[in-house]
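Written below as structure tokens is the structure these notes are about.
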Amino acid sequence: MIIRSGSCLCGKVRYKVKSDPIRIGLCHCMDCRKESGSVFATFGIWPAHAFEASGEVHYYEGRGFCVNCGARVFSEPAEDEVEIRVGTLDMAPTDIQPTYELWVKRREDWLAPLDGAEQFEEDRL
């Protein structure tokens, strides 16, 4: 079984996931741009039962941030899934690849579509 760990920038929020992701995606929506400070965000969806976290997290519209450093780490765990920002993993996830892109109508013209990834104009169906 693969166990991946991650944290916020300061390390006060830590998490583990004990499985492979259900799916990995890129999002170009304005919310992801604003909260990440980048032109897209990379996220992974894992089963909620395989996720555990420690540390103080503040949630804004379901998005979880470290109260100390402000880093976005994961979404508020739902009944069956949790969304994790792939960049917060401790080890670069070279064995997982995004399979879809969201909000491609807002993708920058200088960014090419990701090869082999399903493209969604807005949210995933």
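Throughout, residue positions are numbered sequentially from 1 according to the sequence presented. FYI, side chains are in, hydrogens and waters are out, and symmetry mates aren't considered; it's all heavy atoms of this structure.
Scanning for side chain to side chain donor-acceptor pair (under 3.5 Å) contacts around Asp115 gives an empty result, with sequence neighbours left out. Asp20 meets the side chain to side chain donor-acceptor pair (under 3.5 Å) test with no other residue; sequence neighbours excluded. Here Glu118 pairs with nothing under the salt bridge (charged side-chain N to carboxylate O under 4.0 Å, His left out) rule; sequence neighbours left out. Every ring pair (Phe, Tyr, Trp, His ring centres under 6.0 Å) that Phe51 has, sequence neighbours left out, goes to Phe74. Residues passing the salt bridge (charged side-chain N to carboxylate O under 4.0 Å, His left out) test with Arg124: none are found, sequence neighbours excluded.
Side chain to side chain, Tyr59 and Ser75 fail the donor-acceptor criterion of an N or O pair below 3.5 Å.
The side-chain heavy atoms of Phe43 and Thr88, taken from C-beta on, include no pair separated by under 4.5 Å. Contact annotation: the side chain of Ile3 never approaches that of Val17 to less than 4.5 Å [non-hydrogen atoms, C-beta and beyond]. Contact of the Tyr15 side chain with the Leu89 side chain is registered, since non-hydrogen atoms from C-beta on lie closer than 4.5 Å. In this structure the side chain of Val104 reaches within 4.5 angstrom of the side chain of Glu121, judged on heavy atoms. Within the 4.5 Å cutoff, side-chain heavy atoms of Ser5 are placed close to those of Arg14.
In the hydrophobic clustering of ILVMFWY residues, with side-chain heavy atoms under 4.5 Å counting as a link, Phe120 and Leu26 come out apart.
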Between Glu122 and Arg106, is a salt bridge (Lys or Arg N to Asp or Glu O under 4.0 Å) present by the stated rule, with each step listed?
CA-CA 9 Å; Glu122 294 182 354; Arg106 293 214 170 113; over 6 Å; no
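In this structure, SG in Cys32 is found 7.0 Å from CZ in Arg72, a value given to the nearest 0.5 Å.
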Enumerate, atom names and distances included, each donor-acceptor pair closer than 3.5 Å involving a side-chain atom of residues 61-68, sequence neighbours excluded.
from	atom 1	to	atom 2	distance (Å)
Arg63	NE	Glu35	OE1	3.2

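Using a 4.0 Å cut-off between a side-chain N of Lys or Arg and a carboxylate O of Asp or Glu, Lys16 and Asp90 do not qualify as a salt bridge. Between Glu108 and Arg33 there is a salt bridge, since at least one side-chain N of the basic residue sits less than 4.0 Å from a carboxylate O of the acidic one. The existence of a salt bridge linking Glu81 and Arg23 is confirmed by a sub-4.0 Å separation between a basic side-chain nitrogen and an acidic carboxylate oxygen.
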